[in-house]
Amino acid sequence: MNLHEYQARELLKAAGVPMLEGDVATTPDQAEAIARRLGGGTVVIKAQVHAGGRGKAGGVKLAKTPLEAREHSAKILGMTIKGLIVQKVLVVPAADIASESYVGLIMDRETQRPVFMVSAAGGVDIEEVAATAPEKITRLAVDPRFGLLPHQALGLALTLYPGFAQVKAAAKIMGQLYTVFTGNGASLAEINPLATTPDGTVLALDAKVSIDDNELDRRPDLAAMRDESAEAPSEVAARTAGLTFIKLDGNVGCVVNGAGLAMATMDLVKYYGGEPANFLDIGGSSNPEKVINALRIITSDPNVKAILFNIFGGITRTDDVANGIVAATRQFKLQVPIVIRLTGTNEAEAIRILQGVGMQALNDMDEAVKNVVALAQAAA
Amino acid sequence: MNLHEYQARELLKAAGVPMLEGDVATTPDQAEAIARRLGGGTVVIKAQVHAGGRGKAGGVKLAKTPLEAREHSAKILGMTIKGLIVQKVLVVPAADIASESYVGLIMDRETQRPVFMVSAAGGVDIEEVAATAPEKITRLAVDPRFGLLPHQALGLALTLYPGFAQVKAAAKIMGQLYTVFTGNGASLAEINPLATTPDGTVLALDAKVSIDDNELDRRPDLAAMRDESAEAPSEVAARTAGLTFIKLDGNVGCVVNGAGLAMATMDLVKYYGGEPANFLDIGGSSNPEKVINALRIITSDPNVKAILFNIFGGITRTDDVANGIVAATRQFKLQVPIVIRLTGTNEAEAIRILQGVGMQALNDMDEAVKNVVALAQAAA
Amino acid sequence: MSIFIDEETRLVVQGITGREGSFHTNHMLAYGTNVVAGVTPGKGGQTFAGKVPVFHTVAHAVTATAANTSVIYVPAGLAAGAILEAADAGIRLIVCITEGVPVMDMTRTMLYVRERGVRLIGPNCPGLLSPGSSKVGIIPGNICAPGRVGLVSRSGTLTYEVVNHLTKNGLGQSTCVGIGGDPIIGTSFIDVLAAFQADTNTDAIVMLGEIGGTDEQKAAAFAKANLTKPVIGFIAGQTAPKGRRMGHAGAIISGSSGTAEEKIEAFRAAGISVMRRPVDVVELVRARLR
Amino acid sequence: MSIFIDEETRLVVQGITGREGSFHTNHMLAYGTNVVAGVTPGKGGQTFAGKVPVFHTVAHAVTATAANTSVIYVPAGLAAGAILEAADAGIRLIVCITEGVPVMDMTRTMLYVRERGVRLIGPNCPGLLSPGSSKVGIIPGNICAPGRVGLVSRSGTLTYEVVNHLTKNGLGQSTCVGIGGDPIIGTSFIDVLAAFQADTNTDAIVMLGEIGGTDEQKAAAFAKANLTKPVIGFIAGQTAPKGRRMGHAGAIISGSSGTAEEKIEAFRAAGISVMRRPVDVVELVRARLR
């Protein structure tokens, strides 16, 4: 789960990372008030959306006066950036910047440890630095049994600054960032830029934190940071229903059990010339209610022209899925054709249930996908 | 540094260990007030001294009424137990006890780890259990990189109780005790007894915590728990002066540099028929001020009949020590004879300094010890 | 015969009295797996299904039953602790079925099991099945058949889909191993490839990967350098968008790395036959076994 | 020739610009020790005593000077961190002179250095001296002389007292090792006894112990089982009261264990000649070398 910049700032602030004071506004009035409270000088208005490149999209603006802060906020609030509507802006003083570094921590699959990445070439997209000038990035895997050791932080900071006062300050900030990372089950925590001001102060000007979704069950405080207004409503509904759903741009709705099979199903739709409208995994349990919710979510997408069920019953009982399909069609009439592939646990019973309402079930995945693609193309 | 029971209780309470409410009193009035506040029922008055066997010495008494609490406190406060005057009493409700276990954590030299010792045979001296029935004690070394793992706590607790509710409660308490131990740099943390009440509640009835002296520099909160009233005044004075000093019962005062040599010097005094009056290590630095303080502390002990300096100069400069001796004898007249053995760094200069005031220095440790023992015996 | 599990497997089920644990234990017993013990703290002394003794701790179970393998069905928040407990008790193979284990827990857990030389499979995996011999986990027994194809996969139902094609076409399996869909897992493709290479009863290897990470790329390089047996590979997630977690915590394309194209290219470069569809497995295995 | 240190020793001094560090570095340089680098964070780029380059970190020092041994003179609260840093930088022998290191720090630190196969001597020790060759620590060079007696001790000045007797009586030393007076130390008596046994230039071993713990008892058992060279032993603290820390954090009799009597008895049982006085070392070494 990605946090907004203002939320990431809260976590960093709690850990002691030096930052400029700032606050979040949902209305131009609030933005103006914050700008005044910050002294009335120049501030930056930053759109709070889960999308990169918000600067280029016009989501970041300098405001020289509180009145300008109001005006800019009025423009940015409500703006759409990469399909997401800006609901909040962060208002922070504009900083006088002498240098910009990058300090990030990711959960690294290869070393199976938190890995620091730091670079004196900050302020820009670190992926680009990694691609074009990898030698400018210093990496360090941290042993989680011992944590970030003082000499390790110092060694990293020495790659960023020539002056030792800055080195010490940056090393301390790295320790704080590590605390934020491990203390909140993050998969990513980065400060970009970690800036110095002309007087030599080191401070974080922007922050990004992503939380491992698996942490949210045991961390209600973090789960409460989820901003559903920043997500597609269909994805919010799916999560509430215990489904894993990702909206895509195609017209073949997919309902599958298991993430691997769901991806393979989407791929097969594409292979046979179709375009998947979504990724949807109903998971291992075969609660008919989940099937009803899945159908409701998929049919609410006007792009969907045909629906495919692909269920390989293991733990999932295919008769439960069949019951769910039947119940759903009783609750709301399907406007698009549906192709059902079922095999595995309680398959015979499932077929019987479907046949009872005049529906057919296929046994073969390829055949089912070919059919649904043809149906979608015919309807388009 | 040993903590008083009431101080150990504070640390355990902060970690969540279940205990009966109680408070500490320095006057009978306070004790009575606490007994009233606790509901007016039967309370236990417990002397707060750094000495074992306070119960046998009459330092623990049951009081059925607040008035009795006052009376017993009046007797216990001011009482001398193993040479220590009782300055404080802890007043806690008397508990109805169904069973008594022992749960302790020590810093173990052999495994170089914190080691749990638990036994269902609690409420008595665990050293005695260890000596007479070692099979009744379960030990577990904790890997400090991973901490006490839930299954380890459960495994220990299962050796204490047949009922799983108690097992779970005890396992939780062990986790809390481990937190107290590592979080405060303890060398010992024990709950004895860990009691169950007839209704099955598990709670700590007595607690003992010793802090590693080396922690105190970085933990002013713990250092502030030192109760100087519970120590020999000479030892307090020595510590303030940066000296390591332990008062003993003999009549030969010893001033030595280095703990090993200091012990060997005491042993040699004994070997030649004398009795050391103290252990005193002036440490590696050779600040003359330390020598003056050392002499002041030793000469304040009326038992001391002769004083021995045994200095092997390495880092310690023997001329500094000589200067300290000379300065001290200028500040206060020595009432007892002094034998000085100096060798090593700047030895010639030291001898010259001493000779300047008519003092002799010996080069040989054995000769010096023989001399001082003879002088002490002659004066006794 | 098989890898990792066989007739010597003496299984303890952690979380045996839970909903998942009891359901799958019954299936494992029905398949013939030697389930010698179960563990649920607080339920020690009970008996499961009339024959499997339940203990408070894994240590107790190992002492009483000489269990050497563990399978874990406890809730996500307790799974890492269950792995540590099994490792501490001397279990040599731990299979963690549980999904949703916090990744931060796994960083420490992996170091703990590594120090003890214990093999962990998973978490968030369907487990293993050695057809006709032993089933540890949740792979349906009825779709498998004994044979000489080794299968290793990051997913569950996709594995069933592929195994089903194999079995229906007379291509039995030596062992099917689901290594799990999480970013940090105990056993990698490489570990399983090496075991299949060493297994005299495996002739060909099917490897089912997906987007995210570089495990498949490394496995491809390993296969090229170390395997003599043919490998047939599949990558799920060709149509997955970047930056979105496709169900599995590990199935996410970060930046420009971990794409299906990159992995398929690595397979091809290593001489691995690449399936475009699950059904292709039959033809490609047959071709490579000729 | 010697154990642990020799002409190959390339020493980095951690805390070289501090009061203790600079004082003793000058002494080590005067003795002829090959001090190749110093470390003080924030003082990288400086030069010590006109010839020793100072670095911000041990890693930088190792890269620039190929240092292989480190000696630590930093304040107590930073000592554990300094040990970890040296171990991380690839130093093979770390000698920690610092006194007062919190024991809780050492529990984790020991696991860290053990994992890396690094030898730590100390903390709270006087270091090592190989007469005529190299001095790492604070043992005064002028009281030592080259020879064939190996000495190992838990204390500082008591060591000097005994070495002084040896030297004055023509009994030179192969190496003098102070292992330190703390409860948790990196190198035990046993480690040093084994090294002296293996050292062809050591004929007899002097072991100076004290009250507290069971290191001497275990060393005695080890000596009986494994050493062919004669051992002469001493235990300080026969007059020490129970439960009081006699200066050294490790010199404390807990309950009934760790007493001088117990240790002397263990020495006797192992055939170790026991000194009653420091001066006895001369006679006993001579007797055992005859």
Side-chain angles (χ1 to χ4, degrees), chain A residues 52 106-110 112-114 127 130-131 143-145 181-182 184-188 212-215 217-219 244 246 248-250 256-271 275-276 279 281 283-284 310-316 343-345 364-366 369, chain C residues 20 23-24 76-77 99-108 110-112 126 138-140 142-143 153-161 164 181-184 208 210-215 218 234-241 244-251 254-256 260 276-279:
Chain A
I106 54 152
M107 181 56 79
D108 182 54
R109 301 161 74 123
E110 193 156 349
Q112 304 192 324
R113 299 182 184 200
E127 287 259 348
D143 186 332
R145 298 169 303 175
F181 186 85
T182 55
N184 295 291
S187 47
L188 168 80
D212 173 11
D213 287 356
N214 292 347
E215 291 284 345
D217 269 355
R218 64 180 179 190
R219 288 294 298 272
T244 311
I246 295 167
L248 299 171
D249 296 330
V256 190
N257 67 324
L261 188 60
M263 282 189 278
T265 303
M266 291 158 55
D267 293 349
L268 205 60
V269 166
K270 179 99 175 171
Y271 180 88
E275 285 292 341
F279 168 96
D281 174 11
N310 185 15
I311 306 297
F312 200 114
I315 322 172
T316 311
T343 191
T345 311
D364 184 76
M365 176 171 165
D366 280 70
V369 171
Chain C
E20 300 281 312
F23 177 83
H24 291 293
E99 186 180 345
V101 182
V103 181
M104 204 64 77
D105 288 1
M106 288 309 301
T107 63
R108 288 160 51 87
M110 279 312 301
L111 287 158
Y112 199 85
I138 65 175
I139 297 177
N142 61 312
I143 58 169
S153 170
R154 261 169 78 181
S155 76
T157 46
L158 173 59
T159 307
Y160 312 163
E161 176 75 26
N164 199 39
D182 276 2
I184 295 186
L208 308 179
E210 60 190 31
I211 53 164
T214 55
D215 243 32
K218 281 184 279 176
F234 182 78
I235 300 292
Q238 297 173 55
T239 48
R244 302 303 304 266
R245 169 178 159 170
M246 303 302 281
H248 288 163
S254 321
S256 60
R276 301 305 312 204
R277 305 172 300 170
V279 70

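Both backbone and side-chain heavy atoms feed into the values below; hydrogens, waters and symmetry mates do not.
Under the 4.5 Å side-chain criterion, counting only non-hydrogen atoms from C-beta, Met104(C) is in contact with Met107(A). Taking the side chain as every heavy atom from C-beta outward, Asp215(C) and Arg109(A) never approach each other to under 4.5 Å. No side-chain heavy atom of Leu158(C) sits less than 4.5 Å from a side-chain heavy atom of Met263(A). With a 4.5 Å cut-off on side-chain heavy atoms, Thr244(A) and Arg245(C) do not count as touching. Contact annotation: the side chain of Tyr160(C) never approaches that of Thr343(A) to less than 4.5 Å [non-hydrogen atoms, C-beta and beyond]. For the pair Pro144(A)/Leu111(C), a side-chain contact is recorded, criterion being any heavy-atom separation below 4.5 Å from C-beta on. Between Met365(A) and Asn164(C), the closest side-chain pair of non-hydrogen atoms is not below 4.5 Å.
Of all the heavy atoms in Leu268(A) and Pro278(C), the pair that sits closest is CD1-CD, 4.4 Å. Between Ala236(C) and Ala264(A), the shortest heavy-atom distance links the atoms CB-N, 4.1 Å. When every heavy atom of His248(C) is checked against every heavy atom of Gly260(A), the shortest pair comes out as CE1-N, 4.0 Å. Nearest heavy atom pair, residue Gly237(C) against residue Asp267(A), reads N-OD2, 2.7 Å.
Not a single donor-acceptor pair under 3.5 Å links the side chain of Asp281(A) to the backbone N or O of Gly247(C). Side-chain N or O atoms of Thr157(C) include one that pairs as donor or acceptor with a backbone N or O of Asn257(A) at under 3.5 Å.
Neither the backbone nor the side chain of Ile106(A) comes within contact range of chain C; no heavy atoms are under 4.5 Å apart. Only the backbone of Ile235(C) comes within contact range of chain A, with heavy atoms under 4.5 Å apart. Using a 4.5 Å cut-off between heavy atoms, Asp366(A) contacts chain C through its side chain alone, with no backbone atom that close. Of the atoms belonging to Tyr271(A), it is side-chain heavy atoms, and not backbone ones, that fall under 4.5 Å from chain C. If you measure heavy-atom distances from Phe234(C) to chain A, the contacts under 4.5 Å come from the side chain alone. The part of Ala186(A) that comes within reach of chain C is its backbone (N, CA, C, O), which places non-hydrogen atoms under 4.5 angstrom from that chain.
Between chain A and the residues Arg244(C), Glu99(C), Met110(C), the largest count of heavy-atom pairs under 4.5 Å involves Arg244(C). With chain A as partner, the option from Gly181(C), Ser153(C), Pro183(C), Ser155(C) having the largest number of non-hydrogen pairs under 4.5 angstrom is Pro183(C). Listed options Gly77(C), Gly212(C), Ala240(C), Ala260(C) were ranked by heavy-atom pairs under 4.5 angstrom with chain A; first place goes to Gly212(C). Most heavy-atom pairs under 4.5 Å with chain A, from the set Gly250(C), Pro241(C), Ala251(C): that is Gly250(C). Comparing Gly100(C), Pro140(C), Ala249(C) by heavy-atom pairs within less than 4.5 Å of chain A, the highest count is held by Gly100(C). If you tally non-hydrogen atom pairs under 4.5 Å between each of Val101(C), Thr214(C), Ile138(C) and chain A, the highest count goes to Val101(C). Contact count versus chain C (heavy atoms, under 4.5 Å) is highest, among Val369(A), Ile315(A), Leu261(A), for Leu261(A). Of all the listed residues (Thr182(A), Val256(A), Asp217(A)), the one sharing the greatest number of non-hydrogen pairs under 4.5 Å with chain C is Thr182(A). Contact count against chain C (heavy-atom pairs under 4.5 Å) is highest for Arg145(A) among Arg113(A), Glu110(A), Arg145(A).
Taken to the nearest 0.5 Å, the CG atom of Asp212(A) stands 11.5 Å off from the CE atom of Met106(C).
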Fill in: Intermediate values then yes/no, side chain to side chain contact (heavy atoms under 4.5 Å, CB included), Gln238(C) and Lys270(A)
CA-CA 9 Å; Gln238(C) 297 173 55; Lys270(A) 179 99 175 171; over 6 Å; no
